[in-house]
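So the structure is just underneath, and the comments pick up after that.
The chain is numbered in sequence order, starting from 1.
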Amino acid sequence: MSRPDAPRSDHPSRPDAESLRGKVVLVTGSGHGLGAALARAVAGSRARVVINCRADRRRAEALGEEIQKGGGEALVCRADVSEYDEAAGLVEETLKAFGRLDVLVNAVGTFAWKPVAEVGPSDWRRVMASNLDSVYNMSRLALPHMRRNHWGRIINVGSVGAERTEGFPNVAPFSAAKAGVIAFSKALALEEARCGVTVNVVCPGVLTDGDEAATEVDLAAAARLGERAPIGRPGSLEDVVRAILFFASPAADYLTGQVLAVAGGWRL
């Protein structure tokens with residue numbers, strides 16, 4: 001039972017909103033979309049957040065300034081985390097600024113609609129590198145620092161259906177990469193369980209916000225599709241952010257190797 005004089009949380013809908021206070025949270029692909037929404041939420045929980053972008057540094061810096069004006073701590077780093085050397089530089093910058101790395105969220109991931117017959121080798125490599133190589137690179141580089149403190153949280157972003165290797169037309173590279181992310185995460189969770197590091201996956205379903213490249217037709221189609229979910233509405237970035245924060249909170253201390261679908265009851 002809460003004490004009568006307990007301070008109210010800024011984010012009462014989020015689990016253990018104060019549990020990240022003082023921790024260092026690195027979010028890849030956080031210059032926009034889901035990553036940016038998560039960076040804001042993490043900063044609101046009084047954690048120190050590392051904002052990572054690959055190309056649009058100006059937008060990432062604007063987000064960092066927004067967080068700092070709100071009283072938070074943010075570090076902005078440009079790095080293509082699908083490249084191991086650049087990912088290593090990102091981790092080094094994080095340690096140089098904050099001296100530790102507690103939570104890693106791998107949120108970056110390229111997506112493209114193409115049938116396999118039109119997917120060239122460079123297309124395949126780009127999607128696999130962005131969605132799967134980046135997860136290996138960042139996890140491998142973060143682990144020594146989490147092990148040192150015998151505490152760490154790695155949360156990877158998958159896709160609904162990936163756990164059962166569901167195939168969807170026109171997104172074969174993406175589907176294969178996300179299935180790989182889940183297999184990798186489950187294996188890593190077993191390897192690191194005795195080291196105080198948990199590894200879990202959040203799989204978003206149909207979302208109607210966060211994709212700035214989406215047209216009105218795309219958004220309308222997503223909304224119609226989302227309304228067919230058992231809950232009766234499409235998902236939002238906030239739904240996914242809450243799930244990620246849950247895995248970073250003390251409420252999930254005994255959970256590792258788990259996959260959570262944020263899809264309103266849909267399994268696909």
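- If you take CD1 on Ile154 and CG on Leu143, they are separated by 4.5 Å, rounding to the nearest 0.5 Å.
- For the pair Ser19 and Pro250, the minimum side-chain heavy-atom distance is below 4.5 Å.
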task: List the steps, then state whether side-chain contact (heavy atoms from CB on, under 4.5 Å) holds for Val262 with Val202.
output: CA-CA 7 Å; Val262 183; Val202 171; 3.7 Å; yes
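- Applying the side-chain hydrogen bond (donor to acceptor under 3.5 Å, both in side chains) test to Asn52 and every residue at least two apart in sequence or in another chain returns nothing.
- Two residues are said to be in side-chain contact when any heavy atoms from C-beta on lie closer than 4.5 Å; Cys77 and Ile51 fail this criterion.
- The cluster map of Ile, Leu, Val, Met, Phe, Trp and Tyr, joined by side-chain heavy atoms under 4.5 Å apart, puts Val50 and Leu63 in different clusters.
- At least one donor-acceptor pair closer than 3.5 Å links the side chain of Arg78 to the backbone N or O of Arg54.
- The nearest pair of heavy atoms linking Val201 to Cys203 is CG1-SG, 3.9 Å.
- At a threshold of 4.5 Å between non-hydrogen side-chain atoms, the residues Asn106 and Ser134 do not count as touching.
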Test log, rule side-chain contact (heavy atoms from CB on, under 4.5 Å), inputs Ser139 and Asn137: CA-CA 6 Å; Ser139 300; Asn137 291 342; over 6 Å; no
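- The ring-ring contact (aromatic ring centres under 6.0 Å, His included) analysis of residues 98-130, with sequence neighbours excluded, yields the pairs Phe111-Trp113, Phe111-Phe174.
- Side-chain contact between Val157 and Pro204: present, with at least one pair of heavy atoms (C-beta onward) separated by less than 4.5 Å.
- Between the His145 side chain and the Leu101 main chain, no donor and acceptor come within less than 3.5 Å of each other.
- Between atom CG of residue Leu237 and atom CG of residue Leu34 there is a gap of 6.0 Å, rounded to the nearest 0.5 Å.
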Check residues 252-261 and write down every donor-acceptor pair under 3.5 Å in which the side-chain atom is one partner and the other belongs to a residue at least two apart or another chain.
unit_1: Asp253; atom_1: OD1; unit_2: Arg153; atom_2: NH2; d: 2.9
unit_1: Thr256; atom_1: OG1; unit_2: Val199; atom_2: N; d: 2.9
unit_1: Gln258; atom_1: NE2; unit_2: Thr256; atom_2: O; d: 3.1

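- At distances below 3.5 Å, at least one donor-acceptor pair connects side-chain atoms of Arg48 with backbone N or O atoms of Gly22.
- With hydrogens and angles ignored, the 3.5 Å screen pairs a side-chain donor or acceptor of Thr28 with a backbone N or O of Ala107.
- Remark: Arg140 pairs with no residue by the salt bridge (Lys or Arg N to Asp or Glu O under 4.0 Å) rule, at least two apart or across chains.
- Between the side chain of Asp102 and the backbone N or O of Lys23 there is no donor-acceptor pair closer than 3.5 Å.
- Closest non-hydrogen pair, Pro230 versus Gly264, comes out as CD-O, 3.2 Å.
- Proximity of a side-chain donor or acceptor of Asn149 to a complementary backbone N or O of Trp151 within less than 3.5 Å is not detected.
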message: Using salt bridge (charged side-chain N to carboxylate O under 4.0 Å, His left out), reason through Glu66 and Arg40 one step at a time and then give a plain yes or no.
response: CA-CA 9 Å; Glu66 173 191 329; Arg40 291 187 180 96; 2.8 Å; yes
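- In this structure, Val108 and Met138 have side chains that are not in contact, with every pair of non-hydrogen atoms separated by 4.5 Å or more.
- Every side chain to side chain contact (heavy atoms under 4.5 Å, CB included) that Arg126 has, sequence neighbours left out, goes to Thr110, Ala112, Asp123.
- Rounding to the nearest 0.5 Å gives a distance of 8.0 Å between CG of Leu90 and CG of Leu75.
- Placement of Tyr136 and Val197 within a single hydrophobic cluster is found when ILVMFWY residues are connected by side-chain heavy-atom separations under 4.5 Å, directly or transitively.
- The backbone N or O of Phe246 sits less than 3.5 Å from a side-chain atom of Ser249, completing a donor-acceptor pair.
- Ser236 and Asp239 share a donor-acceptor pair across their side chains, judged by distance under 3.5 Å alone.
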task: Let me see the working for Glu118 and Lys114 under salt bridge (charged side-chain N to carboxylate O under 4.0 Å, His left out), right down to the final yes or no.
output: CA-CA 6 Å; Glu118 298 177 11; Lys114 276 187 179 181; over 6 Å; no
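- Counting heavy atoms from C-beta on, the side chains of Ile67 and Val49 come closer than 4.5 Å.
- The backbone N or O of Ala162 lies less than 3.5 Å from no partner atom in the side chain of Thr165, so there is not a single donor-acceptor pair.
- In this structure, the side chains of Tyr84 and Leu141 come closer than 4.5 Å at one or more pairs of heavy atoms.
- When all heavy atoms of Val119 and Pro173 are compared, the pair lying nearest together is CG1-CG, 4.0 Å.
- Put simply, the side chain of Glu192 never gets that close to the backbone of Thr198: no donor and acceptor are under 3.5 Å apart.
- Remark: the backbone N or O of Ile155 is not paired with any side-chain donor or acceptor of Asn200 at under 3.5 angstrom.
- A donor atom on one side chain and an acceptor atom on the other are found under 3.5 Å apart for Asn131 and Lys178.
- Between Cys195 atom SG and His150 atom NE2 the span is 7.0 Å, to the nearest 0.5 Å.
- The hydrophobic cluster containing Leu190 does not contain Phe184, counting ILVMFWY residues as joined when their side-chain heavy atoms lie under 4.5 angstrom apart, directly or transitively.
- By the rule that hydrophobic residues join a cluster once side-chain heavy atoms approach within less than 4.5 Å of another member, Val42 and Leu104 end up as members of separate clusters.
- Looking at residues two or more places apart in sequence or on another chain, you find no side-chain hydrogen bond (donor to acceptor under 3.5 Å, both in side chains) involving Glu73.
- In this structure, Leu132 CG and Ser82 OG are separated by 11.0 Å, a value rounded to the nearest 0.5 Å.
- With Asn156 as the fixed residue, the side chain to side chain contact (heavy atoms under 4.5 Å, CB included) test singles out one of Ile244, Ile182, Val135: Val135.
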field: salt bridge (charged side-chain N to carboxylate O under 4.0 Å, His left out) between Asp56 and Arg58, worked out
entry: CA-CA 5 Å; Asp56 196 346; Arg58 181 176 297 180; over 6 Å; no
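- Side-chain atoms of Val103 and Met146, non-hydrogen and from C-beta on, never get closer than 4.5 Å to each other.
- Note that CZ of Arg125 and CG of Asp133 are 4.5 Å apart. Values are rounded to the nearest 0.5 Å.
- No continuous path of hydrophobic side-chain contacts links Leu26 to Leu38 [ILVMFWY only; heavy atoms under 4.5 Å].
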field: Pair Lys96-Glu92, salt bridge (charged side-chain N to carboxylate O under 4.0 Å, His left out): steps then yes or no
entry: CA-CA 6 Å; Lys96 182 179 178 181; Glu92 288 173 8; over 6 Å; no
